[in-house]
J.: 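Structure below; questions to follow.
Keep in mind the model is a prediction, meaning the values are calculated, not measured. Below, chain A is the first sequence line, B the second, and so on; all start at residue 1.
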Protein chains: 2
Amino acid sequence: MSQHRHPGAPGRAGAVPALPDLPEATVARLPEYLRALHNLADAGHETVSSEGLSAAAGVNSAKLRKDLSHLGSYGTRGVGYDVALLIEQIEYVLGLTQRRAVALVGVGNLGHALAGYDGFASRGFRIAALLDADPSRVGEEINGLVVRHVDELPAVAVEESIAIGVIATPAAAAQSVADQLVAVGVTSILNFAPCVLSVPEGVDVRKVDLAIELQILSFHEHRKASLTALPATGGSALTALPGGLAATETQEAIGT
Amino acid sequence: MSQHRHPGAPGRAGAVPALPDLPEATVARLPEYLRALHNLADAGHETVSSEGLSAAAGVNSAKLRKDLSHLGSYGTRGVGYDVALLIEQIEYVLGLTQRRAVALVGVGNLGHALAGYDGFASRGFRIAALLDADPSRVGEEINGLVVRHVDELPAVAVEESIAIGVIATPAAAAQSVADQLVAVGVTSILNFAPCVLSVPEGVDVRKVDLAIELQILSFHEHRKASLTALPATGGSALTALPGGLAATETQEAIGT
DNA sequence: CGCGATTTGTGCACGTCTTCACAAGCGCCT
DNA sequence: AGGCGCTTGTGAAGACGTGCACAAATCGCG
C-alpha cells in the first residue's frame, strides 16, 4: 500500500485499472456518498471532512473513512477530501464513466413510473428500450421512447448494447423475462417482481420489493407498540428526549 | 427455551405477547419466507421442509431453520413445517394481523404507480390517503382515492389512524414532509426520495433508491468487465460451467 | 415394539462488518 | 523553523451474521 497515484481514473493510465475488490457493504454505500458529494459540489464546497460527508450521507464517520480508504484514499490529513476528485474516483469505481444502457421490461403501472424517472438519466444511466409482452401496449410512446415487443429483445440488445435489465412485470412473467435477458447476454438484473429469480452463475440479480419494505416497517411498528404497552422501564429515557428532533443515526438504508 | 405453546398467536392468550427481539437480518428475510409460503399454500401444500422452503425463498436452508427457530419453532422433526401455521406465526410477528393504514405523500410519477400497486393490498396494507403539496394535483382521483392537500395531514392521520408514511416526493420536499409525518405521530417512514432524512429517535426510516440499486449493479458489471479482460486465471472455471443455468445462490436480495 | 429414514433445532467455528481510539501527516500561524 | 490544531488512515476488539455438521425428535413400517 504505497504506490497509488490515481489508480486509473478517467484519464486512463494505460495498464489494467486494477479494480480493488471492495467489501460488498462498502459498495452499497458508495452511491450514497456520491449523491452527497454532488450536493456538496452544487453548494460550492471544494473540500469536505469525513465528519461533514458522513453526516450528509447518514453514516458513521469512521465507517466512511474506512470505506474511502479501500479505494485508495484521496484525502488530505488536516484538510479533508477534495470533492471533485472524490466524485471522479467513486464514479470511476462504480463504472459510471460510461453511461450504461438499461432495458426496461414491463410497462405497467410501475414500469411507466420507472420510464419517467429522471433520477436514472441524472445518475449515470440511459433507458435505452421499453419492452412488454402485451401487444396492446406495444407502440405506445412513453417519454420519447416507443414500447416494443419483448420478442424483439435480441435485436434491441445489439442495437443499444444493453448492459442492465430491469424487470417490472408481474411475478408470473419475471422468470421467463429473466431467461430472455440472460440469453441475450445481460449479466445484471434489477428485479421489481415479487419472486425469486434463478439465473446462471455470473449473473447478478438485485431485488426491490416494495411490500417487503413495508412489512419490515410493520414489524418495528408492532414491536414498538408492544413495548409502550409495558410500564416505563427504559423507553422513556428515549422518548422523552429534550431536543425533539435531533438524532440522525436512526436512518437505516436498505442494504445494511 | 422450553415453554412455548404458541407464544401469543392471533388467538391472543391474554398476557403480554412477548415479541422475541429478532436479529435484524432475520426480520428482513421473514417477508420473503411469507411470500414463498403463500405460494406453497396456494399450490395446495400442507407442509414443507426447510429445504423446500429455503429453495423457494432463495436462501440457505440452515439459515432458514435458524431464522424460524428464533420465533419459537413450529416445525416437526422428520416432517417439516405446517404451512398454514407458519404463515399465521410470521404474520403475527410482522404485525400483519391488523391491516395497517398507509399515507402516501407525493403523487407524481412514482406516487401514481405506488397508489395503483396491488401488492400492498394483498400483503397486509391499505393505502388510506393520498397527499400532495401541489394544489393542481389535489382533487384528482386515483384508484378510488381522492388526492388531498398535504396540509390536511393532521386531520387525515386521525381519521384513518395512519401507521406508516410513504414519501414519494422530490428530494427537496422530503425532509419537510417527514417532519410533518412525525408531527402527527407517524413512527415508520418509507422514503423513496434520494436524500437522507433526519428524524427523532424512535422513528424508523427505510429508504429505497432506485438509482442506487442500478449503481451497485453497475459496479459489478464494471468489475466483471475488467476481469474478463484478463487472461483465464480462474474465472473460466465459473463461466465455463457445463450446466448453463443452474446456480440459484447468486440471488442478492436487498437488505443483505 | 423397535428400527431406520427423515428433518428439525442448535453448538461451534469462521468470516464480515462496525466502531473505537490513536498515531501519522498536513497546513497554518507565529 | 517550529509548534499546534485538525483530520485522515488504520490496528485491534467486538458485534453480528453465516454455514457446517450433528444430536435430538418424530414418523412409518415391519
J.: Could you give the OH-to-C1' distance, from B/Tyr74 to C/dT7, as a whole number of Å?
T.: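 Nearest whole value for this atom pair: 19 Å.
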J.: Counting side-chain heavy atoms from C-beta on, which of C/dT8, C/dA21, C/dT10 comes nearest to B/Tyr81?
T.: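 So the side chain of B/Tyr81 is nearest to C/dT8.
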J.: If we ignore angles and hydrogens, is there a donor and acceptor under 3.5 Å between the side chains of A/Glu221 and B/Thr187?
T.: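 Present: a donor and an acceptor within the cut-off.
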J.: When you compare the side chains of B/Asp67 and B/Thr26, does any donor N or O come within less than 3.5 Å of an acceptor on the partner?
T.: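 Side-chain D/A pair, B/Asp67 to B/Thr26: present.
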J.: Nearest-Å distance, CG (B/Leu85) to C1' (C/dT8)?
T.: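 Value for this atom pair: 15 Å.
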J.: Starting at CG of B/Leu64 and ending at P of D/dG17, how long is that distance when rounded to a whole Å?
T.: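 Checked: the CG to P distance equals 16 Å.
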J.: Tell me: NE2 of A/His70 to P of D/dT8, nearest whole Å?
T.: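 Distance check: A/His70 NE2 to D/dT8 P gives 16 Å.
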J.: Please give, in whole Å, the distance from C/dT8 C1' to B/Leu71 CG?
T.: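 Atom-to-atom, B/Leu71 to C/dT8, this comes out as 14 Å.
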J.: Hey, mind stepping through B/Ile167 and B/Leu190 against side-chain contact (heavy atoms from CB on, under 4.5 Å) and telling me if it holds?
T.: CA-CA 6 Å; B/Ile167 299 179; B/Leu190 181 55; over 6 Å; no
J.: Is any side-chain N or O of A/Asn60 closer than 4.0 Å to OP1 or OP2 of C/dC20?
T.: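 Yes, because at least one side-chain N or O of A/Asn60 sits under 4.0 Å from OP1 or OP2 of C/dC20.
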J.: Please test B/Leu30 against B/Leu71 for side-chain contact (heavy atoms from CB on, under 4.5 Å), starting from the C-alpha separation and ending with a verdict.
T.: CA-CA 10 Å; B/Leu30 286 181; B/Leu71 41 96; 3.7 Å; yes
J.: Roughly how many Å is it from CG in B/Asp82 to P in D/dT26, rounded to a whole number?
T.: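 That distance rounds to 15 Å.
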J.: May I have the distance from B/Leu68 (atom CG) to C/dT8 (atom P), rounded to whole angstrom?
T.: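 These atoms are roughly 9 Å apart.
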J.: Test B/Asp204 against A/Arg223 for salt bridge (charged side-chain N to carboxylate O under 4.0 Å, His left out), laying out the working first.
T.: CA-CA 12 Å; B/Asp204 280 306; A/Arg223 220 172 65 87; over 6 Å; no
J.: Summarise protein proximity over nucleotides 12-17 of chain C in one line of letters, 5' to 3': B for base, S for sugar-phosphate only, - for none, counting protein heavy atoms closer than 4.0 Å.
T.: B----S
J.: Which residues satisfy the ring-ring contact (aromatic ring centres under 6.0 Å, His included) test with B/Tyr33, sequence neighbours excluded?
T.: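 Scan of B/Tyr33 (ring-ring contact (aromatic ring centres under 6.0 Å, His included), adjacent residues dropped) gives none.
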J.: How close or far is atom C1' of C/dT8 from atom CD of B/Glu51, stated in whole angstroms?
T.: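 Those two atoms, CD and C1', are 12 Å apart.
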J.: On DNA chain C, does the nearest nucleotide to A/Ala62 precede the nearest nucleotide to B/Ala62 from the 5' side, or the other way round? Give the residue.
T.: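 Final value for this comparison: B/Ala62.
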J.: Is a salt bridge present between B/Glu32 and A/Lys207, judged by a nitrogen-to-oxygen distance below 4.0 Å?
T.: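 Salt bridge present between B/Glu32 and A/Lys207.
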J.: Between protein and nucleotides 23-30 of chain C, map the contacts as a letter string: B base, S sugar-phosphate only, - none, heavy atoms under 4.0 Å, written 5' to 3'.
T.: BBBBS---
J.: To the nearest 0.5 Å, what is the distance between CZ (B/Arg206) and CD1 (A/Ile212)?
T.: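 It is 10.0 Å, given to the nearest 0.5 Å.
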J.: CG of A/Leu210 to CG of A/Leu110: how many Å apart, nearest 0.5 Å?
T.: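 Atom-to-atom, A/Leu210:CG and A/Leu110:CG are 6.5 Å apart.
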